[in-house]
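See below for the structure under consideration.
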Amino acid sequence: MSQPTIQRRNIRRRIRRSVRNAFVRPLTRLAVAVVPRVYVFYMKFVFATSRVDTNGFQVLDEISQKHDGAVALLWHEEVFTVAFAYGRGFLAVQPHTLASIGTVGEIITRMLELCGFAVFRGGSSRRASRRRSAVVSDMIDHMNATSNVTYGITVDGSHGPAYRMKRGGVVIARECGRPVVLVRTWYKRRVRLDTWDRTAIPLPFNVIKYYLDGPFRVPADASSDEGLARFLLLLEDKLIDVAINSYREMGQPVPANLVKRSPEERTKVLDVS
């Protein structure tokens with residue numbers, strides 16, 4: 001590569017860096033300050049204008065207090081409502097969750113904190129540090145070191161496939177000796193984003209209902225990979241049932257991919273374990 005070409009490339013890099021410093025960073029700071037407050041305002045309006053059926057969901061408080069914490073698992077499609085629907089204003093226990101490092105993670109963290117969450121920060125979702133072992137290990141350490149931690153974890157996130165439970169949340173419950181609770185908040189009127197999970201956003205003047213199944217104690221045989229896989233499949237089936245029930249109660253069609261694994265898929269899960 002010629003010297004003039006290298007010089008031109010260096011100039012372009014400096015220009016891009018200057019533009020980023022001049023515009024992107026201030027806009028990022030503005031987004032972190034404004035977007036979370038807009039979210040909270042909108043969700044307050046939605047819940048204030050809607051009929052909300054808690055369906056005895058506050059039993060999660062009792063479960064968490066009895067067992068010094070719990071691990072609540074839910075599907076990613078309702079992630080938009082997590083901060084407000086499960087926040088400190090609704091539950092007596094302080095909910096905990098994970099948010100990534102980075103700009104989007106900072107915005108989400110601020111949303112969660114405004115709703116009373118204690119936020120545990122992980123790595124970027126595009127880096128290996130965000131994937132299974134490192135993040136799960138950090139969350140286990142945090143739960144073991146902190147009293148009354150109740151985690152809320154979207155078990156098919158952050159990139160899917162939808163309605164297929166990943167093992168991280170169950171491993172946390174197993175290693176910390178905490179029960180698993182399956183939770184859901186669903187709504188009659190919503191719009192859906194064009195994302196892998198078709199994230200649902202509730203509309204005002206709605207019907208909102210909470211669902212809970214559990215608690216489930218992690219069985220002793222889950223110390224083995226095969227036992228853990230069997231327990232994971234059991235929880236996945238039950239959380240699918242919870243979601244199907246919510247769709248039917250709201251008079252909505254059940255998504256085509258909201259189905260339990262076939263016998264062949266189950267055998268594969270157990271074999272991989």
Side-chain angles (χ1 to χ4, degrees), residues 16-48 50 72-91 93-132 134-136 138-139 142 146 149-160 162 166 168-169 172 183-187 190-204 206 208:
R16 286 196 298 269
R17 190 179 302 115
S18 297
V19 171
R20 184 166 56 247
N21 291 339
F23 295 100
V24 175
R25 291 180 181 177
L27 289 175
T28 297
R29 289 194 294 269
L30 180 63
V32 170
V34 173
V35 172
R37 295 189 180 278
V38 172
Y39 166 81
V40 172
F41 176 82
Y42 176 75
M43 292 301 293
K44 282 183 176 179
F45 180 64
V46 169
F47 272 66
S50 300
L73 308 181
L74 60 151
W75 296 127
H76 198 274
E77 66 180 348
E78 61 169 294
V79 69
F80 184 86
T81 58
V82 166
F84 192 87
Y86 302 108
R88 191 64 179 270
F90 180 73
L91 294 171
V93 297
Q94 185 176 28
H96 292 62
T97 194
L98 173 73
S100 64
I101 301 296
T103 301
V104 174
E106 185 65 29
I107 293 173
I108 293 172
T109 295
R110 185 58 181 147
M111 286 180 184
L112 290 160
E113 289 175 341
L114 285 175
C115 295
F117 272 76
V119 183
F120 182 77
R121 302 300 298 275
S124 167
S125 61
R126 298 184 181 278
R127 295 172 53 192
S129 62
R130 177 72 163 96
R131 302 185 188 120
R132 294 277 192 276
V135 173
V136 170
D138 289 347
M139 294 177 76
H142 178 71
T146 309
V149 171
T150 300
Y151 274 126
I153 300 173
T154 54
V155 290
D156 52 345
S158 56
H159 300 294
K166 296 176 182 177
I172 292 170
V183 301
R184 182 169 176 83
T185 305
W186 201 238
Y187 10 92
R190 72 271 186 271
V191 295
R192 306 202 70 149
L193 303 182
D194 187 20
T195 55
W196 65 267
D197 64 335
R198 299 190 64 234
T199 297
I201 300 177
L203 298 173
N206 214 327
I208 301 171

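Since this is a predicted model, take the numbers as computed values, not measurements.
Between Glu78 and Val183, the shortest heavy-atom contact is OE2-O, 3.9 Å. Taking every heavy atom of both residues into account, Leu203 and Ser50 meet most closely at O-OG, 4.2 Å. Across Gly152 and Thr97, no two heavy atoms sit closer than the pair O-OG1, 2.7 Å. The nearest pair of heavy atoms linking Cys115 to Ala83 is CB-O, 3.1 Å. Considering every non-hydrogen atom in both Phe117 and Gly87, the closest pair reads CE1-CA, 3.7 Å. When all heavy atoms are compared, the tightest approach of Tyr42 to Pro202 is OH-O, 2.6 Å.
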Next on the checklist: Is there a side chain to side chain contact (heavy atoms under 4.5 Å, CB included) between His142 and Asp138? Walk through the geometry before answering.
Outcome noted: CA-CA 6 Å; His142 178 71; Asp138 289 347; over 6 Å; no
Next on the checklist: As a quick check of understanding, evaluate side chain to side chain contact (heavy atoms under 4.5 Å, CB included) for Phe84 and Met111, giving each step before the final call.
Outcome noted: CA-CA 8 Å; Phe84 192 87; Met111 286 180 184; over 6 Å; no
Item to check | Derivation of the side chain to side chain contact (heavy atoms under 4.5 Å, CB included) call for His76 and His159 | outcome: CA-CA 9 Å; His76 198 274; His159 300 294; over 6 Å; no
Item to check | Ile208/Val46 under side chain to side chain contact (heavy atoms under 4.5 Å, CB included): CA gap, chis, key distance, verdict | outcome: CA-CA 9 Å; Ile208 301 171; Val46 169; 4.0 Å; yes
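Under a 3.5 Å cut-off, the side chain of Tyr151 and the backbone N or O of Met139 do form a donor-acceptor pair. Between the side chain of Thr81 and the backbone N or O of Ala85 there is no donor-acceptor pair closer than 3.5 Å. Side-chain N or O atoms of Arg198 include none that pairs as donor or acceptor with a backbone N or O of Arg192 at under 3.5 Å. No donor-acceptor pair closer than 3.5 Å links the side chain of Asp156 to the backbone N or O of Trp75.
Between Glu77 atom CD and Leu193 atom CG the span is 11.5 Å, to the nearest 0.5 Å. Atom CG of Asn206 is separated from atom CZ of Phe47 by 9.0 Å, given to the nearest 0.5 angstrom. Taking CD1 of Ile107 as the reference point, atom CG of Leu112 lies at 12.0 Å (rounded to 0.5 Å).
Checked options Thr185, Ile153, Val82; the residue passing with Leu74 is Val82 (criterion: side-chain contact (heavy atoms from CB on, under 4.5 Å)).
Aromatic ring centres of Tyr39 and Phe80: separated by under 6.0 Å.
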